[in-house]
Amino acid sequence: FPSHDMQVDKNVFVNNDFPTNQPSINVATFDGLDEFGNAYSTLPIKGAADKLTTASMNIAKYLPKDSLYLSFQYQYQLQGNPDAVFPDDSLMVFFRSDANDVDAFEPVLLISAEEAIAHEFKQVVLPVKDSFYFHNDFQIRFVNRGSLTGNLSQWHIDYVRFGTGIVTGK
(Lines give C-alpha, C1' and ligand atoms only; values in the text may rest on other atoms or scores of the structure.)
Protein backbone atom coordinates (compact mmCIF):
# COMPACT_ATOMS: atom_id res chain seq x y z
CA PHE A 1 0.00 0.00 0.00
CA PRO A 2 1.09 3.61 -0.46
CA SER A 3 2.66 5.40 2.49
CA HIS A 4 0.06 7.34 4.47
CA ASP A 5 2.63 10.04 5.14
CA MET A 6 2.51 10.95 1.46
CA GLN A 7 -0.79 9.59 0.08
CA VAL A 8 -4.35 9.42 1.40
CA ASP A 9 -5.73 6.60 -0.81
CA LYS A 10 -4.94 2.88 -0.65
CA ASN A 11 -6.30 1.77 -4.06
CA VAL A 12 -3.01 1.29 -5.91
CA PHE A 13 -0.67 -1.67 -5.52
CA VAL A 14 2.92 -0.75 -4.65
CA ASN A 15 5.19 -3.38 -6.18
CA ASN A 16 8.21 -4.33 -8.26
CA ASP A 17 6.58 -7.28 -10.03
CA PHE A 18 4.36 -5.84 -12.78
CA PRO A 19 6.36 -3.04 -14.46
CA THR A 20 9.33 -3.63 -16.72
CA ASN A 21 12.54 -1.61 -16.45
CA GLN A 22 11.17 0.80 -13.86
CA PRO A 23 13.46 3.70 -12.89
CA SER A 24 13.38 2.95 -9.15
CA ILE A 25 12.16 0.49 -6.54
CA ASN A 26 8.42 0.35 -5.77
CA VAL A 27 6.10 1.71 -8.42
CA ALA A 28 2.40 2.45 -7.93
CA THR A 29 0.32 0.16 -10.17
CA PHE A 30 -3.18 1.29 -11.20
CA ASP A 31 -5.54 -1.43 -12.46
CA GLY A 32 -9.17 -2.56 -12.20
CA LEU A 33 -8.79 -4.07 -8.72
CA ASP A 34 -9.60 -2.40 -5.40
CA GLU A 35 -7.27 -2.30 -2.39
CA PHE A 36 -8.27 -5.88 -1.46
CA GLY A 37 -7.58 -7.32 -4.92
CA ASN A 38 -11.26 -7.53 -5.92
CA ALA A 39 -12.62 -6.29 -9.24
CA TYR A 40 -14.48 -2.99 -9.03
CA SER A 41 -17.30 -4.52 -11.09
CA THR A 42 -18.52 -7.90 -12.29
CA LEU A 43 -20.03 -6.22 -15.34
CA PRO A 44 -17.86 -5.68 -18.44
CA ILE A 45 -17.69 -1.91 -18.08
CA LYS A 46 -14.96 0.70 -18.08
CA GLY A 47 -14.60 3.70 -15.86
CA ALA A 48 -12.42 5.44 -13.29
CA ALA A 49 -10.73 2.75 -11.21
CA ASP A 50 -7.77 3.29 -8.88
CA LYS A 51 -6.88 6.70 -7.56
CA LEU A 52 -3.90 7.98 -5.67
CA THR A 53 -4.18 11.35 -3.92
CA THR A 54 -1.25 13.03 -2.23
CA ALA A 55 -1.42 14.34 1.29
CA SER A 56 -2.16 18.06 1.55
CA MET A 57 0.67 20.47 0.85
CA ASN A 58 0.83 24.15 1.75
CA ILE A 59 1.99 25.94 -1.38
CA ALA A 60 0.38 29.29 -0.49
CA LYS A 61 3.80 30.89 -0.03
CA TYR A 62 4.62 30.31 -3.72
CA LEU A 63 3.54 32.22 -6.81
CA PRO A 64 3.14 30.99 -10.38
CA LYS A 65 6.47 32.64 -11.24
CA ASP A 66 8.24 30.38 -8.69
CA SER A 67 8.16 27.48 -11.16
CA LEU A 68 6.57 24.66 -9.17
CA TYR A 69 6.46 21.40 -11.13
CA LEU A 70 5.03 17.91 -10.83
CA SER A 71 7.30 15.33 -12.42
CA PHE A 72 6.66 11.60 -12.75
CA GLN A 73 7.29 8.66 -15.02
CA TYR A 74 4.62 6.31 -16.31
CA GLN A 75 4.26 3.03 -18.16
CA TYR A 76 1.16 1.39 -19.68
CA GLN A 77 0.84 -2.39 -20.02
CA LEU A 78 -1.76 -5.00 -20.87
CA GLN A 79 -1.42 -8.17 -18.85
CA GLY A 80 -0.51 -11.14 -21.05
CA ASN A 81 -0.28 -9.11 -24.27
CA PRO A 82 2.42 -6.44 -24.16
CA ASP A 83 1.91 -5.36 -27.79
CA ALA A 84 -1.85 -4.71 -27.52
CA VAL A 85 -3.59 -1.58 -26.33
CA PHE A 86 -7.10 -0.69 -25.18
CA PRO A 87 -7.48 2.71 -26.89
CA ASP A 88 -9.91 4.11 -24.34
CA ASP A 89 -7.67 3.36 -21.34
CA SER A 90 -6.12 6.47 -19.85
CA LEU A 91 -4.19 7.95 -16.95
CA MET A 92 -5.42 11.29 -15.63
CA VAL A 93 -3.79 13.86 -13.34
CA PHE A 94 -5.77 16.38 -11.31
CA PHE A 95 -4.76 19.33 -9.10
CA ARG A 96 -6.90 20.49 -6.18
CA SER A 97 -8.04 24.00 -6.96
CA ASP A 98 -9.86 25.10 -3.78
CA ALA A 99 -8.64 24.75 -0.20
CA ASN A 100 -12.22 24.93 1.08
CA ASP A 101 -13.67 22.24 -1.19
CA VAL A 102 -12.29 18.70 -0.78
CA ASP A 103 -13.84 17.69 -4.12
CA ALA A 104 -12.47 20.59 -6.20
CA PHE A 105 -10.01 18.73 -8.42
CA GLU A 106 -9.28 20.13 -11.87
CA PRO A 107 -7.98 17.88 -14.68
CA VAL A 108 -4.53 18.96 -15.86
CA LEU A 109 -3.42 15.98 -17.95
CA LEU A 110 -4.90 12.99 -19.75
CA ILE A 111 -2.58 10.36 -21.22
CA SER A 112 -4.25 7.91 -23.57
CA ALA A 113 -3.09 4.32 -23.88
CA GLU A 114 -2.35 4.99 -27.54
CA GLU A 115 0.18 7.67 -26.51
CA ALA A 116 1.88 5.20 -24.16
CA ILE A 117 2.13 2.31 -26.61
CA ALA A 118 5.94 2.14 -26.55
CA HIS A 119 5.69 0.34 -23.16
CA GLU A 120 8.72 2.21 -21.89
CA PHE A 121 8.62 4.54 -18.93
CA LYS A 122 8.04 8.09 -20.15
CA GLN A 123 8.58 11.23 -18.13
CA VAL A 124 6.04 13.99 -17.65
CA VAL A 125 6.84 17.43 -16.25
CA LEU A 126 3.78 19.55 -15.46
CA PRO A 127 4.11 23.17 -14.35
CA VAL A 128 1.71 24.55 -11.76
CA LYS A 129 0.71 27.78 -13.46
CA ASP A 130 -2.72 28.92 -12.32
CA SER A 131 -2.88 31.07 -9.21
CA PHE A 132 -5.95 29.28 -7.78
CA TYR A 133 -3.76 26.21 -7.08
CA PHE A 134 -1.50 28.17 -4.73
CA HIS A 135 -3.28 27.58 -1.41
CA ASN A 136 -2.62 25.82 1.90
CA ASP A 137 -4.39 22.53 1.04
CA PHE A 138 -3.04 21.64 -2.40
CA GLN A 139 -3.21 18.01 -3.52
CA ILE A 140 -2.38 15.98 -6.61
CA ARG A 141 -4.55 13.07 -7.74
CA PHE A 142 -3.75 10.33 -10.26
CA VAL A 143 -6.64 8.22 -11.65
CA ASN A 144 -6.68 5.45 -14.22
CA ARG A 145 -9.60 4.75 -16.53
CA GLY A 146 -10.04 1.25 -17.88
CA SER A 147 -11.71 -2.08 -17.35
CA LEU A 148 -13.31 -2.42 -13.92
CA THR A 149 -13.42 -6.23 -14.09
CA GLY A 150 -9.88 -7.00 -12.98
CA ASN A 151 -6.20 -6.76 -13.63
CA LEU A 152 -6.38 -6.47 -17.41
CA SER A 153 -4.55 -3.23 -18.10
CA GLN A 154 -2.15 -1.43 -15.84
CA TRP A 155 -0.61 1.97 -15.49
CA HIS A 156 2.56 2.23 -13.43
CA ILE A 157 3.84 5.53 -12.06
CA ASP A 158 7.25 6.01 -10.55
CA TYR A 159 9.66 8.67 -9.46
CA VAL A 160 6.99 11.21 -8.50
CA ARG A 161 8.49 14.55 -7.52
CA PHE A 162 6.91 17.90 -6.72
CA GLY A 163 8.70 21.18 -6.13
CA THR A 164 10.91 23.81 -7.69
CA GLY A 165 13.98 23.06 -9.75
CA ILE A 166 12.63 19.85 -11.31
CA VAL A 167 14.99 18.63 -14.02
CA THR A 168 13.89 16.28 -16.77
CA GLY A 169 15.54 12.90 -17.27
CA LYS A 170 15.97 9.77 -15.15
Side-chain angles (χ1 to χ4, degrees), residues 1-16 18-32 35 47-77 88-146 153-170:
F1 292 118
S3 163
H4 281 291
D5 294 341
M6 300 181 72
Q7 292 94 17
V8 296
D9 304 311
K10 297 188 292 185
N11 304 109
V12 300
F13 178 52
V14 176
N15 72 99
N16 292 304
F18 289 121
T20 54
N21 300 319
Q22 69 265 30
S24 70
I25 297 172
N26 291 332
V27 304
T29 296
F30 295 71
D31 54 28
E35 67 185 277
D50 287 344
K51 71 178 176 181
L52 181 63
T53 308
T54 65
S56 293
M57 296 174 268
N58 184 352
I59 65 169
K61 65 182 178 180
Y62 296 99
L63 298 170
K65 68 179 175 106
D66 291 326
S67 300
L68 280 175
Y69 290 92
L70 166 67
S71 173
F72 66 95
Q73 296 186 28
Y74 71 90
Q75 179 183 59
Y76 172 75
Q77 291 182 321
D88 52 351
D89 284 358
S90 58
L91 180 68
M92 300 168 283
V93 180
F94 300 83
F95 290 165
R96 185 168 170 195
S97 59
D98 186 342
N100 298 313
D101 184 351
V102 296
D103 295 319
F105 282 87
E106 301 289 326
V108 293
L109 179 67
L110 184 140
I111 304 166
S112 73
E114 291 176 321
E115 291 176 63
I117 198 164
H119 305 294
E120 297 293 323
F121 272 87
K122 294 182 180 178
Q123 184 173 30
V124 171
V125 179
L126 286 174
V128 182
K129 294 180 181 177
D130 295 314
S131 59
F132 54 82
Y133 294 129
F134 292 82
H135 55 77
N136 64 355
D137 208 6
F138 178 77
Q139 292 176 284
I140 301 163
R141 177 173 287 163
F142 296 89
V143 179
N144 71 310
R145 184 186 185 287
S153 60
Q154 300 172 337
W155 290 89
H156 311 292
I157 63 167
D158 194 11
Y159 216 60
V160 178
R161 299 176 291 163
F162 182 74
T164 60
I166 300 293
V167 178
T168 61
K170 289 186 179 181

Dump the intermediate steps for side chain to side chain contact (heavy atoms under 4.5 Å, CB included) on Ile25 and Asn16, then the final yes or no. CA-CA 6 Å; Ile25 297 172; Asn16 292 304; 3.5 Å; yes

May I have the step-by-step check of side-chain hydrogen bond (donor to acceptor under 3.5 Å, both in side chains) for Asn26 and Asn15, ending in yes or no? CA-CA 5 Å; Asn26 291 332; Asn15 72 99; over 6 Å; no

Is the backbone of Gln22 close enough, under 3.5 Å, to the side chain of Gln75 for a donor and an acceptor to pair up by distance? no

May I have the step-by-step check of ring pair (Phe, Tyr, Trp, His ring centres under 6.0 Å) for Phe138 and Tyr62, ending in yes or no? CA-CA 12 Å; Phe138 178 77; Tyr62 296 99; over 10 Å; no

Quick check for you: to the nearest 0.5 Å, what is the distance between Gln73 atom CD and Ile157 atom CD1? 11.0 Å

Any side-chain heavy-atom pair from Ser56 and Gln139 closer than 4.5 angstrom? yes

For the CG atom of Asp89 and the CD atom of Glu114, what is their distance to the nearest 0.5 Å? 10.0 Å

Output for pair (Ser71 OG, Arg161 CZ), nearest 0.5 Å, gives 4.0 Å

Ile140 side chain reached by Val93 side chain, heavy atoms, under 4.5 Å: yes

Within the 4.5 Å heavy-atom criterion, are Phe132 and Glu106 side-chain neighbours or not? yes

Taking every non-hydrogen atom, the tightest pair across Ala49 and Gly32: CB-CA, 4.3 Å

Can you measure from CG (Asp137) to OG (Ser97) and round to the nearest 0.5 angstrom? 11.5 Å

Measuring only between side-chain heavy atoms, which start at C-beta, is Arg96 closer than 4.5 Å to Val102? yes

Could you check Phe30, Tyr76, Phe72, Phe121 and say which one makes a ring pair (Phe, Tyr, Trp, His ring centres under 6.0 Å) with Trp155? Tyr76

Heavy-atom distance under 4.5 Å between the side chains of Ile111 and Val124, does that happen here? yes

Is there a side-chain contact between Phe134 and Asp66 (heavy atoms, below 4.5 Å)? no

Using modelled atom types only, decide if a donor and an acceptor are shared between the side chain of Arg145 and the backbone of Ser112 within a distance under 3.5 Å. no

Expected output: side-chain Asp50 to main-chain Asp31 donor-acceptor under 3.5 Å: yes

Are side-chain heavy atoms of Asp98 and Asp103 found at a separation under 4.5 Å? no

In Å and rounded to the nearest 0.5 Å, what is the NE2 to OG1 distance from His156 to Thr20? 7.0 Å

Would you say that Val108 contacts Tyr133 through its side chain, given a criterion of any heavy-atom pair below 4.5 Å between the two side chains? yes

I need the minimum non-hydrogen distance between Phe162 and Met57, along with the two atoms involved. CD2-SD, 3.7 Å

Roughly how far, to the nearest 0.5 Å, is the CZ atom of Phe142 from the OG1 atom of Thr54? 8.0 Å

